[in-house]
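Each chain gets a letter, A, B and so on, in the order its sequence line appears, and its residues count up from 1. When reading the values below, keep in mind they use all heavy atoms of this one structure, side chains included, and skip hydrogens, waters and symmetry mates.
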Amino acid sequence: MGKLKRRICPNDVTINIGKDAPVPECPIPGESWKEITHDDTGTWLAKWGDPIKSKLIKYVSLGASSSWKGQSDKEKYEKARMLKSYIGNIRAAYIKGFTSKDITKQQIAVATYFIDKLALRAGNEKDDEEADTVGCCTLKVENVTAEGHNKLKFDFLGKDSIKYENTVEVELPVYNAILKFQKDKRPGDDLFDKLDTSILNAHLKELMPNLTAKVFRTFNASFTLDDMLNKETKDGDVAQKVGVYQHANKQVAIICNHQRSVSKSYSAQISKLNEKIDELQAYLKELKIDLDRARKEKPPLKSLDRIEKKIAQTSAKIEKMQRDMHTKEDLKTVALGTSKINYLDPRISVAWCKRHEVPIEKIFSKTLLEKFAWAMDVDPDFRF
DNA sequence: GTTCACGACTCAGAAAAATCGCT
DNA sequence: GAGCGATTTTTCTGAGTCGTGAA
């Protein structure tokens, strides 16, 4: 913690380049690149070892808007779409596995169920010096508590030490299996002691070509967005439709547990908004008194029309502020961006925008439009 | 076959920068 | 239209996933 990182020099850097391509000029006179390679199986352009974490390799690769990255992004979503036609069988298989006599098979079934239902990450083994975080396969006994009425309480630190807290009702066989897996174990012991990510992924590959645990997160996120958009979009103006989109986006972020820290000035901002609302309401009250007097033709003599107009304007302003405040509170700890960038098939959003005449710029920023260039010409009828 | 290290890629929130919207 | 605080977008780089190949 708190180390200065030394400068990276050309002789740290390996360049990956086509056999006949000209080698980029070394920017520091008298020095040279560590190595020039011609690896056409990789997508990286340059790499070097991190001076502090010796095991860590840093890469330079093409930007997100490149057709190369776009292609692999598209393949990711196509794989997730393929899961759609396999998911019925996969679910049937793990339900059967819940009561398997073979404990490894039973653990695989329950773990797959968690990954499908709760969008948990796979959970690779980690070195001791890394943060104490877990995923599905590395869940500890104390991370899951049986709460009665078939409810399981999950409580653990996931990727980036983000807390995952969720209580869910599960099928009785799952509940019983968890009790069984916990039996005769101590805190700190693995809940799934017969399992790791390679065993789990090897099993998933038997069910669908190239299937791995992470595909379920993409599948669940994109499926949820597509489903909610199609169920909840009603006639209305663009702002209302964008609201529907944000609501669906939020549900996805909750499923994926994408969080953000509450800004330091949050409470100050809220009280400021409240003050403003109070002020406006006091003003509205005055306006109503004025209106009353004007109707009775008492001074101060003001035009009825103008007062009524002002009342309408002020009421609308108050309503908007209250709505904004509600949204602010609602999204205080939820990060919508991560799922939009990494988990939601952009073709869902593009097709929805086309169907409902929402400008795509309302959904995607400039860089996202560039990143998702490959998805822009999708058919309006596209469904995930 | 199994374990293990590691290489190459995707995904994560925080911080920084740019933009918005109000006075 | 300047000045400001809030909000949104972009950048940054560490933290995961997953495959491969050597021991």
- Message: So A:I162, base contact, sugar-phosphate only, or nothing? Heavy-atom distance under 4.0 Å.
- Response: sugar-phosphate
- What do you reckon, is CG of A:D128 surrounded by more than 12 foreign heavy atoms closer than 6.0 Å? no
- Message: Between A:K214 and A:A122 (side chain of the first, backbone of the second, donor and acceptor by atom type, cut-off under 3.5 Å), is there such a pair?
- Response: no
- Item | Positional range of nucleotides in DNA chain B within the contact set of chain A, heavy-atom, under 4.0 Å | B:dC6 to B:dA14
- Task: Could you check whether A:K69 gets within reach of a base, just the sugar-phosphate, or nothing at all, counting any heavy atom under 4.0 Å?
- Result: sugar-phosphate
- Task: Would you kindly say whether A:S100 and A:D102 are connected by a side-chain donor-acceptor distance under 3.5 Å?
- Result: no
- Task: Using heavy atoms and a sub-4.0 Å distance, could you list which residues of residues 358-370 of chain A are near DNA chain C? By number, please.
- Result: A:S365, A:K366, A:T367
- Query: For residues 197-222 of chain A, which residues have at least one heavy atom under 4.0 Å from DNA chain B?
  - Reply: A:K214, A:R217
- Query: Judged by modelled atom types alone, do A:R121 and A:N257 share a side-chain donor-acceptor pair under 3.5 Å?
  - Reply: no
- Task: Tell me what A:G337 touches on the nucleic acid: a base, only sugar-phosphate, or nothing, going by heavy atoms under 4.0 Å.
- Result: nothing
- Message: With a 4.0 Å cut-off on N to O distance, would you call A:K231 and A:D227 a salt bridge?
- Response: yes
- Query: Is A:D50 salt-bridged to A:K5, going by a charged N under 4.0 Å from an acidic O?
  - Reply: yes
- Task: Look at the side-chain heavy atoms of Ile, Leu, Val, Met, Phe, Trp and Tyr, link any pair under 4.5 Å apart, and say whether A:I255 and A:F219 land in one connected group.
- Result: no
- Looking only at atom types and distance, does a side-chain atom of A:Q182 sit under 3.5 Å from a main-chain N or O of A:V144, one as donor and one as acceptor? yes
- So, A:Q107 versus A:D193: side-chain donor-acceptor pair below 3.5 Å or not? yes
- Item | Close residues, residues 40-48 of chain A, relative to DNA chain B [heavy-atom separation under 4.0 Å] | A:G42, A:T43, A:W44, A:K47
- Query: Is A:I87 reachable from A:V110 through a run of I, L, V, M, F, W or Y residues, each pair having side-chain heavy atoms under 4.5 Å apart?
  - Reply: yes
- side-chain contact (heavy atoms from CB on, under 4.5 Å) with A:M82: which residues, sequence neighbours excluded? A:Y86, A:M208
- Task: Rounded to the nearest 0.5 Å, what's the gap from CD on A:E357 to NZ on A:K241? Could you check?
- Result: 6.5 Å
- Message: Can you list, in residue-number order, the parts of residues 71-80 of chain A that come under 4.0 Å of DNA chain B, counting heavy atoms only?
- Response: A:S72, A:K76
- Item | Sorted by number, the residues of residues 247-262 of chain A with heavy-atom contact under 4.0 Å to DNA chain C | none
- Message: Against A:E78, only a single residue in A:R81, A:K74, A:K76 fulfils salt bridge (charged side-chain N to carboxylate O under 4.0 Å, His left out); can you say which?
- Response: A:R81
- Query: At under 4.0 Å between heavy atoms, what does A:K328 touch on the DNA or RNA strands: base, sugar-phosphate, or nothing?
  - Reply: sugar-phosphate
- Message: Using the rule that Ile, Leu, Val, Met, Phe, Trp and Tyr join whenever any side-chain heavy atoms are under 4.5 Å apart, tell me whether A:V242 and A:M325 fall into a single cluster.
- Response: no
- Task: Answer whether the closest heavy-atom distance between the side chains of A:L336 and A:L331 falls below 4.5 Å.
- Result: yes
- In terms of hydrophobic clusters joined by side-chain contacts under 4.5 Å, are A:V168 and A:F156 together? yes
- Query: Under 4.5 Å between any side-chain heavy atoms of A:K185 and A:D190, yes or no?
  - Reply: no
- Message: Through direct or indirect side-chain contacts below 4.5 angstrom among Ile, Leu, Val, Met, Phe, Trp and Tyr, which residues connect to A:I57?
- Response: A:W44, A:Y59
- Message: Could you tell me if the side chain of A:K34 sits less than 4.5 Å from the side chain of A:V13, heavy atoms only?
- Response: no
- Note on the structure: Taking five pairs at each terminus, the helix from B:dT2-C:dA23 to B:dT23-C:dA2 shows an axis bend, to 10°, of 10°
- Where chain A begins and ends its contact with DNA chain C, read 5' to 3' at 4.0 Å from heavy atoms: C:dG5 to C:dG19
- Side-chain heavy atoms under 4.5 angstrom apart, residues restricted to Ile, Leu, Val, Met, Phe, Trp, Tyr: same cluster for A:W68 and A:M376? no
- residues 368-384 of chain A vs side-chain hydrogen bond (donor to acceptor under 3.5 Å, both in side chains), sequence neighbours excluded, gives A:D226-A:R383
- Under the salt bridge (charged side-chain N to carboxylate O under 4.0 Å, His left out) rule, what pairs show up with a residue in residues 328-340 of chain A, not counting sequence neighbours? A:K250-A:D330, A:E329-A:K332
